[in-house]
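One structure is given here, and the rest of the page talks about it.
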Amino acid sequence: MLVTMILISGVSGALGGSIFDSLASRSGTPVRAGSRSGDGTAVRRVDFDTPSTLASAFRGVDVLVFVSAGPAAHDVAVARHGAVVEAAAAAGVRHVVYTSVTGSGDRLPGTSAHRWTEARLAAVPFSTTVLRNGPYAETAAALAAAGTRAAARTGVFTAALGHGPLPLVARRDLADVAARVAAESAADLAAGRRSRHAGATYDLAGVPAIGGDDIAGVLAWVLGRPVRYRAAPAARTAPSPAPGTVSWRMRPRRAGQAVQGRAGRDLIALLPTTPRPALDIVERAVTAVAGARCQDPASHH
């Protein structure tokens with residue numbers, strides 16, 4: 001059996017680092033870390049803005065976990081991603097796992113670069129898997145934590161979460177899916193087979209979808225007082241979207257409709273356990289700020 005190597009880009013980021021940790025805990029396949037700040041030894045330098053770093057970074061790599069670049073103008077993102085695809089092809093990478101954006105975010109600013117990359121990956125000499133990631137539950141949790149003290153004073157939770165449900169996903173769940181796809185692809189290649197995930201596009205949106213009212217309910221439970229949700233303009237409170245996630249400017253009702261279909265099934269099918277509840281992540285963040293004693297999460301979900 002051949003020995004295959006996996007490389008994860010963007011390990012200095014939250015998603016890339018989680019994917020690396022998940023893969024490193026598995027045995028049998030060498031895993032390498034890549035980062036724009038890499039020193040070329042313990043961590044390979046993978047700088048999307050400096051294409052000359054990519055040839056050596058991808059040398060000997062069989063499976064590349066291509067964690068998409070951070071927010072940027074369309075032409076900048078396309079240049080970055082195009083350089084990665086070209087370098088992977090030149091280096092002889094055999095399979096690429098790309099972190100994209102959930103299908104419910106198709107009309108969002110920035111999504112066009114992801115769809116361009118998906119189309120570019122459809123015309124390459126190696127096989128690919130596209131992971132269309134839903135928005136991080138941790139981002140909503142950060143908004144809830146930031147609004148906890150104000151909610152305690154005023155009974156109002158204000159955040160740019162729109163007026164309907166969002167398909168929030170635990171970042172660790174997204175990392176575990178990426179790690180599984182990469183590890184299984186490496187095992188298949190080592191055995192002389194095509195990756196079982198070749199050509200697949202998985203929509204990894206969270207179920208059930210939750211919204212600002214649900215998060216206000218968690219705040220009310222932790223704080224022991226009524227809390228109502230008030231939607232704010234995205235520019236006021238929304239953080240910059242992380243790589244592979246959806247901006248809070250997404251149309252939430254469209255998103256909520258989407259996750260009831262295939263999207264939720266993909267996430268559930270690819271995880272070894274049930275998805276981590278987004279509201280549990282929110283609750284822990286709020287509790288840490290409020291100093292409240294955490295009770296049974298099931299009592300208010």
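Reckoned from all heavy atoms, side chains included, excluding hydrogens, waters and symmetry mates.
Between F157 and Y229, the ring-plane angle classifies as tilted under the 30° and 60° cut-offs.
Ion pairing between D49 and R80 holds under the 4.0 Å rule for side-chain N and carboxylate O.
Across every non-hydrogen atom of E138 and I281, the tightest pair is OE2-CD1, 3.8 Å. Here the shortest heavy-atom pairing between R276 and A170 reads CB-CB, 3.8 Å. Minimum heavy-atom separation, H114 to S100: CB-OG, 3.4 Å. Smallest separation of non-hydrogen atoms from I215 and V282: CG2-CG1, 3.9 Å. The two residues R115 and T102 make their nearest non-hydrogen contact at NH2-O, 3.2 Å. Scanning all heavy atoms of the two residues, the minimum distance from V63 to V61 falls at O-CG1, 3.4 Å.
Residues R94 and T4 meet the side-chain proximity criterion, which asks for heavy atoms closer than 4.5 Å. Residues L15 and N133 meet the side-chain proximity criterion, which asks for heavy atoms closer than 4.5 Å. Put simply, the side chain of L7 reaches to within 4.5 Å of the side chain of V46, judged on heavy atoms.
A donor-acceptor contact closer than 3.5 angstrom is absent between the side chains of R172 and S18. Residues H81 and T117 bring a donor and an acceptor atom of their side chains to less than 3.5 Å of each other.
Tracing side-chain contacts under 4.5 Å through hydrophobic residues (I, L, V, M, F, W, Y), one never reaches V31 starting from F58; they form parts of separate clusters. In terms of hydrophobic clustering, with Ile, Leu, Val, Met, Phe, Trp and Tyr side chains grouped at heavy-atom distances under 4.5 Å, F126 and I8 are assigned to different clusters. Cluster annotation: V177 is connected to V11 through the hydrophobic network of ILVMFWY side chains, with a link wherever side-chain heavy atoms come within less than 4.5 Å. Note on L54: it clusters hydrophobically with V124, by side-chain heavy-atom contacts below 4.5 Å among ILVMFWY residues. Grouping the Ile, Leu, Val, Met, Phe, Trp and Tyr side chains by contacts below 4.5 angstrom, directly or via other members, places V101 apart from Y98.
Annotation: the span from H197 atom NE2 to T128 atom OG1 amounts to 12.5 Å, rounded to 0.5 Å. Atom-to-atom distance recorded for D173:CG and L267:CG is 6.0 Å, nearest 0.5 angstrom. Expressed to the nearest 0.5 Å, how far CZ of R32 lies from OG of S9 amounts to 15.5 Å. Distance check, rounded to the nearest 0.5 Å: CD1 of I6 to CZ of R26 gives 8.5 Å. Here the straight-line distance linking atom CZ of R44 with atom CG of D39 works out to 11.5 Å at 0.5 Å rounding. Between the CG atom in D176 and the CG atom in L204 there is a gap of 11.5 Å [rounded to 0.5 Å].
The environment of R180 atom CZ is dense: over 12 non-hydrogen atoms of other residues, nucleotides or ligands sit within 6.0 angstrom. The number of heavy atoms from other shown groups lying within 6.0 Å of CZ (R149) does not exceed 12. More than 12 heavy-atom neighbours from other residues, nucleotides or ligands sit within 6.0 angstrom of CZ on R225.
For the pair T99 (side chain) and S68 (backbone), a donor-acceptor distance under 3.5 Å is present. At least one donor-acceptor pair under 3.5 Å links the side chain of T53 to the backbone N or O of T50.
Among V169, L271, L131, L270, the one residue that satisfies the side-chain contact (heavy atoms from CB on, under 4.5 Å) test with L174 is V169.
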**OP:** Applying side-chain contact (heavy atoms from CB on, under 4.5 Å), run through H95 and D188 and close with a yes or a no.
**Re:** CA-CA 11 Å; H95 188 82; D188 288 340; over 6 Å; no

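A ring-centre distance under 6.0 Å is found for F48 and F66.
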